[in-house]
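Take a look at the structure below.
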Amino acid sequence: MPKKIFLTGKLAYSSLKKTLARLNLDFDYQILKMPITVAALMDSSFIIRNLKKAEIHSSAENLEIILPGRSQAEIEIINKELKNELLEFQKGPDEIIDLPEFFGKKTAKIDFEQEKRGHKIIAEINEASLMDLDEIIKIADYYHQNGADIIDLGCVNGREFPHLEEVIYSLKEKNYQLSIDTFDQDEIIRASKTGIDYLLSINSHNLEVLNYEVNYLPVIIPDPESGNLKSLYKNIKKVKKKGIKNYIVDPILDPINFGFSESLFRYLSLAKDKKLKQEMMMGVGNLIELSDCDSTGLNFIAAALAVELNIEYLLITEASFKTRGAVKELDLALKIISHAEQENSLPNNLSNLLLNLKDRKDRNYTREEVKEIKNSITDSNYRILNDGKAINIFNAEEEYRGRDISELFFELKNTNEPSHAFYLGKELQKAYTALNLSKNYRQEDELDWGYLNSNFKSEKFKEKKNDN
């Protein structure tokens with residue numbers, strides 16, 4: 001005798017059968033394919049009626065009936081009608097793909113937002129020398145909350161940083177690790193005396209600053225006019241001659257179409273250099289700030305390079321509107337890819353946090369399911385469903401399908417009530433957005449925007465508005 005019976009519809013039967021077979025469950029089970037296309041449409045009366053026909057209520061002992069998670073059936077009503085103490089009903093997960101977790105066949109999903117990582121993120125406050133203290137602190141707090149390990153104070157050539165000491169003292173009171181990116185010798189000396197932790201961009205043009213007391217970790221780069229490995233090794237040799245043993249090496253990641261491929265070769269060469277035992281840094285800004293592409297995927301690639309080549313430090317900034325959230329994206333990408341590396345697996349099917357536009361799986365309704373649902377409706381409330389190609393909106397008397405939500409809305413007969421019209425407009429716009437971005441839409445549910453969903457619910461950092 002089976003210990004569990006899974007109820008499902010015609011469309012989901014094959015998928016459910018394959019999924020359960022892969023789980024190697026330690027109990028006997030049976031799949032009961034109900035005479036309905038869409039399992040989610042099974043209500044209490046339908047289940048009661050069909051279970052009576054199957055005589056499950058009288059022939060089974062200590063049997064658990066697993067209902068589809070999206071079923072509208074009410075377990076209390078079923079129990080009352082069948083009146084069999086040997087039967088136990090419960091709802092399974094909403095999606096078949098979640099059955100392994102339902103039966104404890106895999107660990108709970110990893111909360112990557114709370115995971116720790118080894119690589120360090122340096123987040124640059126662009127043109128910090130032109131900002132007042134309060135603004136700098138606000139951005140530093142924002143970066144820190146989104147995963148930055150080190151706050152970088154970006155300077156502007158030819159512009160003074162009169163409140164540099166005050167800024168460093170204030171951020172140090174918050175226990176922030178700090179770096180400064182400047183070629184100005186006076187600023188470097190002042191920052192060193194005030195307790196800066198890292199100094200970015202040391203090459204042959206400003207090596208003399210290392211003649212002074214060095215209380216920070218310098219980052220050695222090639223000379224800008226050459227930008228090659230030979231120049232970088234030459235500068236490293238000069239740093240060693242000064243007796244400095246601890247430093248970071250940055251061969252510089254160049255923008256796409258301006259030496260990007262060649263710069264990747266430099267990183268690869270350094271990673272394979274067994275004689276070079278110093279840590280490496282990579283500036284991601286040249287990639288994400290200077291490319292007409294969403295920053296999420298670019299940050300994922302940068303993180304992949306960092307993990308594979310063991311690049312310990314990544315420098316990033318959110319200097320433009322299109323790169324807002326880049327620090328958080330890089331933080332999550334590093335955690336996801338590092339976890340996959342430790343598990344010796346692909347960074348796939350681990351998290352939806354960085355799937356901000358397209359959803360992983362198509363869970364919209366099929367045309368057959370839409371028709372089945374439409375035929376079951378007996379009231380005047382509008383249902384809105386996506387079928388992957390168009391939006392469907394219908395009730396018992398009306399049925400419309402299309403992609404133009406304005407045309408769909410004006411076809412509707414029951415839109416006189418302002419609040420109802422607002423609701424329909426909001427849902428249609430949401431369905432339209434999902435349709436165009438290859439996302440899943442469920443009426444009254446929020447679309448899944450990955451890590452951005454949590455941002456919508458919390459106070460976000462706001463850039464100082466300007467007209468540029």
Side-chain angles (χ1 to χ4, degrees), residues 119-131 135-136 138-140 142-159 178-183 198 200-201 203 219 221-222 224 227 248 250-267 280-307 309 311-334 337 354 356-357 450-452 455 460-468:
H119 302 267
K120 294 183 178 180
I121 294 176
I122 306 174
E124 179 188 1
I125 301 177
N126 193 49
E127 298 183 342
S129 57
L130 305 182
M131 301 178 184
E135 189 173 4
I136 291 173
K138 185 176 182 180
I139 299 174
Y142 162 75
Y143 279 159
H144 178 72
Q145 291 163 7
N146 282 278
D149 303 286
I150 301 160
I151 305 300
D152 179 62
L153 303 175
C155 299
V156 180
N157 288 335
R159 299 292 295 271
L178 300 178
S179 67
I180 189 169
D181 192 359
T182 180
F183 285 97
Y198 301 86
L200 275 55
S201 307
N203 57 27
V219 178
I221 63 174
I248 299 170
D250 181 4
I252 303 298
L253 185 69
D254 289 323
I256 293 173
N257 285 343
F258 288 85
F260 176 68
S261 299
E262 185 66 26
S263 65
L264 292 180
F265 171 76
R266 293 197 295 268
Y267 280 99
M280 280 196 291
M281 187 182 92
M282 180 169 67
V284 183
N286 279 347
L287 181 61
I288 68 165
E289 294 284 351
L290 303 179
S291 301
D292 276 343
C293 180
D294 290 327
S295 58
T296 311
L298 295 174
N299 272 314
F300 201 87
I301 294 298
L305 290 170
V307 172
L309 301 181
I311 300 170
E312 291 86 354
Y313 296 86
L314 292 102
L315 173 66
I316 192 167
T317 186
E318 297 184 13
S320 62
F321 188 72
K322 69 176 182 178
T323 58
R324 285 280 304 278
V327 172
K328 185 68 173 179
E329 293 163 8
L330 184 58
D331 171 61
L332 293 171
L334 285 168
I337 296 170
L354 293 178
N356 305 135
L357 295 182
Y451 85 92
L452 294 172
N455 284 8
K460 295 178 287 185
F461 162 71
K462 296 180 180 179
E463 289 181 331
K464 188 176 181 180
K465 291 184 178 180
N466 58 66
D467 296 327
N468 296 329

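Being a predicted model, the structure only gives us computed values, none of them experimental.
Taking CD of E312 as the start and CE of M280 as the end, the distance is 6.5 Å to the nearest 0.5 Å. Once rounded to the nearest 0.5 Å, the distance linking CE of M281 with CG of L200 reads 4.0 Å. Atom CG in L298 sits 10.5 Å away from atom CG in L290 (nearest 0.5 Å). The structure places CG of L330 at 5.0 Å from CG of N299, a figure rounded to the nearest 0.5 Å.
Applying the side-chain hydrogen bond (donor to acceptor under 3.5 Å, both in side chains) test to N203 and every residue at least two apart in sequence or in another chain returns nothing. With sequence neighbours left out, the ring-ring contact (aromatic ring centres under 6.0 Å, His included) criterion links Y143 to no other residue. The side-chain hydrogen bond (donor to acceptor under 3.5 Å, both in side chains) test applied to S291 returns no partner, not counting sequence neighbours. Evaluation of the salt bridge (charged side-chain N to carboxylate O under 4.0 Å, His left out) rule for D149 yields R117 as partners, not counting sequence neighbours. Evaluation of the salt bridge (charged side-chain N to carboxylate O under 4.0 Å, His left out) rule for D152 yields no partner, not counting sequence neighbours. Take D254 and apply the side-chain hydrogen bond (donor to acceptor under 3.5 Å, both in side chains) test, not counting sequence neighbours, and it matches R266. Not counting sequence neighbours, H119 has no partner by the ring-ring contact (aromatic ring centres under 6.0 Å, His included) test.
Residue pairs satisfying the salt bridge (Lys or Arg N to Asp or Glu O under 4.0 Å) criterion with at least one member in residues 285-302, sequence neighbours excluded, are listed as follows: D292-K322.
Here the options are L287, L315, I311, the test is side-chain contact (heavy atoms from CB on, under 4.5 Å), and the partner is L253; only L287 passes.
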Please tabulate, for side-chain N and O atoms in residues 121-131, each donor-acceptor pair with protein atoms closer than 3.5 Å (sequence neighbours left out).
none

